[in-house]
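Okay, so here's the structure we're looking at.
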Amino acid sequence: MTLSSPPSQLESLLLTALDQTADGIGILSPDDQVIYANKHFAALFCDQPDSLIGKTFNQKIIQTHRAPDGLNIETDNIDDWLAYANSKRRKQPFRSIEIDTKDGRWMLLSEQILDDGHMLVYFTDISHQKQDEKQLRQLTNRLQYQADTDELTGTNNRRNFLKQTQLQLEHNRRQQTPCALLLLDIDHFKQINDRYGHPGGDQVLIDMVTVFQQALRSYDILGRIGGEEFAVFVPEADARTALNIAERIRIAVNQWPFEYQQQDINITISIGLVSDDGSHDLQTLFKHADKALYQAKDNGRCYH
């Protein structure tokens, strides 16, 4: 920092401390020229402290944008970027934002406007904090996935299926659109387990979810709600559309090459279907669909 008179011992100590701190510290004049920069501040702008003195905010940003290192100024139009940045700067006494660097670090940038118009700029490395936050998000997402997902098949478990279906049912009611609920049960599943063992039965359940997902629309809700029982909520679908989807599922199951340890397994399913105009709650829909499923098992076809 250039001084008009030799620095006192205290000023020398302060300047030494500012230069040796791991944080980037700079001071800008009221007309936005750099009047002090420690080495870490200058490095973020790909410069040396002495050569950074006197440069304006715009000049050091343009310099950094062109450099291979330093702060990451992501834009194809630096003039537009600067216009936006300057519209936000010096509008309040203090502000703090996060900004990344081209080598993958994260900085917390703080700007403090002093009473005489000078600006104290402070960069703190928060890379470890950001990494901790990322790991926490990943852990939270993983725990949420485990809480919502059937461990074997990867589809919604019963709890999450009911939750998602209830939300969609309420949406259908507000929009006054029809919907349908399908209950699907693998026929004679106990015999499959008895013949091929539980690993064979598990493989059938895993393959079954693949079949269902290929036959359903992207916004239909699928869940495993019991051992060999699945459910599908079909939003925004009248009875004919729901019947077409149920038939598509049935045909897909019949055509799928189920096998275990190179042994073909003959699989059929029964489907209970109930359509709704928005006048029934989810519990009632399940009751009617379950009744239709029992009828389907007795007669070998879909009922609604």
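Numbers here simply count residues along the sequence, with the first being 1.
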Atom CG of Asp116 with >12 non-hydrogen neighbours under 6.0 angstrom: yes

Sequence-distant partners of Glu111, salt bridge (charged side-chain N to carboxylate O under 4.0 Å, His left out), two or more places apart: Arg89, Arg95

Apart from Ile126 itself, residues in the same hydrophobic cluster as defined by side-chain heavy atoms under 4.5 Å: Trp106, Leu108

Other residues, nucleotides, ligands: >12 heavy atoms within 6.0 Å of Gln263 CD: yes

Polar contact flag, side-chain donor to acceptor under 3.5 angstrom, Thr210-Asp207: no

Any side-chain donor near an acceptor of the partner, Thr155 and Asp150, under 3.5 Å: no

For residues 158-168, which side-chain N or O atoms pair as donor and acceptor with protein atoms under 3.5 Å away, sequence neighbours left out?
unit_1 : atom_1 : unit_2 : atom_2 : d
Arg158 : NH1    : Ile225 : O      : 3.2
Arg159 : NH2    : Ala147 : O      : 3.2
Arg159 : NH2    : Asp148 : OD1    : 2.3
Asn160 : ND2    : Asn156 : OD1    : 2.8
Thr165 : OG1    : Phe161 : O      : 2.7
Gln166 : NE2    : Glu170 : OE2    : 3.1
Gln168 : NE2    : Asn172 : OD1    : 2.9

Leu82 vs Phe57 side-chain heavy atoms within contact, under 4.5 Å: yes

Short side-chain donor-acceptor distance under 3.5 Å, Asn38 and His40: no

Positive for salt bridge (charged side-chain N to carboxylate O under 4.0 Å, His left out) with Asp185, one of Arg224, Lys190, Lys297: Lys297

Minimum side-chain heavy-atom gap Leu28-Tyr36 below 4.5 Å: no

From Phe286 atom CZ to Leu181 atom CG, the distance as rounded to the nearest 0.5 Å: 5.0 Å

For Asp202, all residues meeting side-chain hydrogen bond (donor to acceptor under 3.5 Å, both in side chains), sequence neighbours excluded: none

Under the side-chain contact (heavy atoms from CB on, under 4.5 Å) test, residues paired with Lys134 that sit two or more places apart: Gln131, Arg137, Gln138

Transitive ILVMFWY cluster of Leu139, excluding itself - 4.5 Å side-chain cut-off: Leu143

Met208 side, atom CE; Phe230 side, atom CZ - distance, nearest 0.5 Å: 7.0 Å

